[in-house]
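Input: a single structure, listed below in structure tokens.
Both ligands and their constituent atoms are indexed starting at 1 by order of listing. The basis for the numbers below is simple: all heavy atoms, side chains too, and nothing from hydrogens, waters or symmetry mates.
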Amino acid sequence: VTGDLPLLDGRAIPRLGLGTYDLKDPAGTVEAALACGYRLIDTAAMYGNEAAVGEGLRRSGLDRDAVFVTTKVWGDRQADAAASARESLERLGLDRLDCVLIHWPAPWRGQYVEAFRQLLGLRDEGVVSSVGVSNFDASQIDRLEAECGERPVLNQVELHPRLQQRALREAMAARGVVVQSWSPLGKARDLGAVEAVAHRLGRTPAQVVLRWHLEIGASAIPRTDRPERLRENFGVWDFALSPEDHAAIAALERGERTGPDPASFG
Ligand SMILES: NC(=O)c1ccc[n+]([C@@H]2O[C@H](COP(=O)([O-])OP(=O)(O)OC[C@H]3O[C@@H](n4cnc5c(N)ncnc54)[C@H](OP(=O)(O)O)[C@@H]3O)[C@@H](O)[C@H]2O)c1
């Protein structure tokens, strides 16, 4: 597993990034993550931390183009998604977003197609480099393509060993849409389930789970407040899982969400 993941639009996204939902010190944690090698930062208008995330980016001293920044448009802004993304940009203190996602389809609103159209417009203006979605199913993605003539480049969904999303991953692969795992550690509720694999490899359970995401071809955005865990979670490039390890993790599937069901949320 090396290099960034190619996107349908010709760009590429880092495989591993920092999730920022509910961080206690978003600016400090973003700065620390960038210092330890992370180059993908995931935020959202709904997280209420975009200004602090922007502060962390500036404190890092890295070139703007060295870091991939994603934000998201919340359900109540789908009808004016372009304006919402511009407000995010202002709070972040940036002049360009790498990726903007529709946070949840919220199909009962009947607005996600319009939101996607507006975000493609921003992309055409150069304000946003790539447009993706989050928590969408395959039929919703097909509807975007049918009505807007383009697919989103990425679908960020809940994915971890207890919710492996096999059917959705196959559907996304068939469409060339990158899958990005949210709550990739399953919120650390059941890391003990991979203890035996971790012990055999001389790694931590979180490292085994994150390596599994990389090896199934997903991008993952684990979150932690703790500097030592930032390093731990990023230390997954120099080992590999065996076919037996993959089989052991495949057996952990429970169809169990830690977060809301996209059919009725957002
Ligand atoms: N698109 C969406 O709808 C959506 C929904 C949910 C989340 N997300 C994104 O996904 C990101 C990650 O999801 P998440 O925060 O829900 O869950 P997660 O990354 O699966 O788990 C975070 C939890 O795991 C703990 N943890 C982190 N590293 C660890 C390690 N090495 N060993 C043991 N425990 C560890 C953290 O505690 P400590 O902080 O104490 O280390 C925290 O409690 C979010 O921050 C957000 O950016 C997106």
### Query
Does the salt bridge (Lys or Arg N to Asp or Glu O under 4.0 Å) test come out yes or no for D142 and R175, once each step is laid out?
CA-CA 9 Å; D142 290 342; R175 290 162 179 75; 2.7 Å; yes
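- Between V194 and L252 the shortest side-chain heavy-atom distance falls below 4.5 Å.
- Protein residues with a heavy atom under 4.0 Å from ligand 1 are G19, T20, Y21, D42, Y47, K72, H103, W104, S134, N135, Q156, W182, S183, P184, L185, G186, K187, A188, L191, A206, I221, P222, R223, T224, D225, R226, R229, E232, N233.
- Counting heavy atoms from C-beta on, the side chains of I41 and L34 come closer than 4.5 Å.
- A salt bridge between D98 and R64 is present, with a side-chain N of the basic residue lying under 4.0 Å from a carboxylate O of the acidic one.
- Because its NZ or CZ atom is not both nearer than 6.0 Å to the ring centre of F116 and within 45° of the ring axis, R143 does not count as a cation-pi partner of that residue.
- Counting heavy atoms from C-beta on, the side chains of L5 and L154 never come closer than 4.5 Å.
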